[in-house]
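Read the structure below first, then the notes.
Bear in mind the structure is a predicted one, so any value in this text is a computation, not a measurement. Every number for a ligand or one of its atoms is a count from 1 in the order of the listing.
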Amino acid sequence: MKPAPFEYLCPRTLDDALALLAERGEDGKVLAGGQSLMPLLSLRLARPSAVIDVNRVPGLDRMFTTRDGGLSIGALARQRSLERNAGLAHEQPLLAAAIPLIGHFQIRNRGTVGGSLVHADPAAELPAVMTCLGADFILSSKSGERAVSADDFYLGYMATVVEPNEILTEIRLPPWRGRRIWAIEEVSRRKGDFAMVGVTLWMELDDSDACKEARITMFGVSGKPVRVDKAEQRMAGAKLDDDAFKEVEKIVTDELEPDSDIHASARYRKEVGGVLARRALIQARTRLIEGNL
Ligand SMILES: Cc1cc2nc3c(=O)[nH]c(=O)nc-3n(C[C@H](O)[C@H](O)[C@H](O)COP(=O)(O)OP(=O)(O)OC[C@H]3O[C@@H](n4cnc5c(N)ncnc54)[C@H](O)[C@@H]3O)c2cc1C
């Protein structure tokens, strides 16, 4: 199908883009990499009267290390540019590991970090990884900026707190500090497909190699990324042994309340979610054993 007619607008500054969005309200749609928006337009699932292409707004794709050692990522940064950033594996290893799992390289060439976060597909890797990493999202509008934590950003299935007059301009990641081990695991039908179930986690270790703090986030199991608080609490202060990992598997299986859809049943997602969480813990522990922190 062809998209319904729309006006194509191409602002050259952020102020102009924000003014256009304020003017158009619900009728305006931001175009970033187009990897999700273009299919939605072609299928006429989205019928905005105006598409506001922000690709020519300078500076929106900037990425730099902040003074405190965190990372600032411009929303328009292409997924592929992160993948090709040699320093990222050192600076934010979990994020670096997640990027190649997104679709195929042709999609990552155009797809942006911000586009994936705002599109908010519950099976997407980046919303879960940003939640796991404790990122803040900067939303800009004509009246200024506000920061929203990833925990508060997602409301439900493809729904976020972004208002029609706002653009996601920046993602701020806290520094990757301390002795951390991490993992990301997912099950998808084919390589490059969205995950049917996925988990991403990190653990900070104390001097005796016990877990000081853990963050465990599931994706593909609900309308939005799910942090499994009880599993995080179970690991806090725990030794990295098989008994603890098995308990986490059970907690995750019990805690998840997924839906069934054409890709997988709710029961499958619960069972596989628990197994993946345990596998991810083992994968993370392997990094410690191999001295790969
Ligand atoms: C075949 C295929 C396979 C894929 N597989 C995966 C996968 O395995 N995992 C995965 O995570 N993703 C996958 N994707 C999706 C891909 O990651 C998209 O790039 C991403 O979802 C959207 O990013 P985009 O820059 O293309 O955004 P667009 O398509 O341009 O926009 C998406 C939505 O976000 C809004 N938007 C975009 N940027 C902003 C902004 N800065 N501020 C406010 N609103 C904004 C748009 O208005 C639109 O509603 C796949 C896509 C395809 C086509």
* Asked: Which heavy-atom pair separates Ala17 from Val57 by the least distance, and what is that distance?
  -> CB-CG2, 4.4 Å
* For Arg146, does the CZ atom sit with more than 12 other heavy atoms under 6.0 Å from it, leaving out its own atoms? -> yes
* Structure fact -> Counting from 1 in the order shown, the ligand 1 atoms closer than 4.0 Å to a non-hydrogen atom of Gln79 are 17 (O), 19 (O)
* Asked: In terms of atom number and element, which parts of ligand 1 are under 4.0 angstrom from non-hydrogen atoms of Gly192?
  -> 5 (N), 8 (O)
* Asked: Is it true that a side-chain atom of Glu232 and a backbone atom of Ile216 form a donor plus acceptor pair closer than 3.5 Å?
  -> yes
* Going by the atom numbers of ligand 1, which of them fall below 4.0 Å from some non-hydrogen atom of Leu37? -> 28 (P), 29 (O), 31 (O)
* Check ligand 1 against Gly111 and write out every atom of the ligand that is under 4.0 Å from a heavy-atom position of the residue. => 19 (O), 25 (O), 26 (O)
* State the atoms of ligand 1, each with its element, that fall below the 4.0 Å cut-off from a heavy-atom position in Gln35. => 18 (C), 19 (O), 26 (O), 29 (O), 53 (C)
* Asked: What do you reckon, is CD of Glu257 surrounded by more than 12 foreign heavy atoms closer than 6.0 Å?
  -> no
* Greater than 12 external heavy atoms within 6.0 Å of Arg267's CZ -> no
* To do: Using a 4.0 Å heavy-atom threshold (strictly under), name the region of Ile167 that reaches ligand 1: side chain, backbone, both or neither.
  => both
* To do: Check the surroundings of atom CZ in Arg44: do more than 12 heavy atoms from other residues, nucleotides or ligands lie under 6.0 Å from it?
  => yes
* Check whether any heavy atom of Leu126 sits under 4.0 Å from an atom of ligand 1. => no
* **Element-labelled atoms of ligand 1 that are located less than 4.0 Å from some non-hydrogen atom of Leu101** => 8 (O)
* Structure fact -> Taking only non-hydrogen atoms of Asp193 and a 4.0 Å limit, the atoms of ligand 1 in range are 8 (O)
* Asked: Short list, please: which atoms of ligand 1 are under 4.0 Å from a heavy atom of Lys29?
  -> 47 (O), 49 (O)
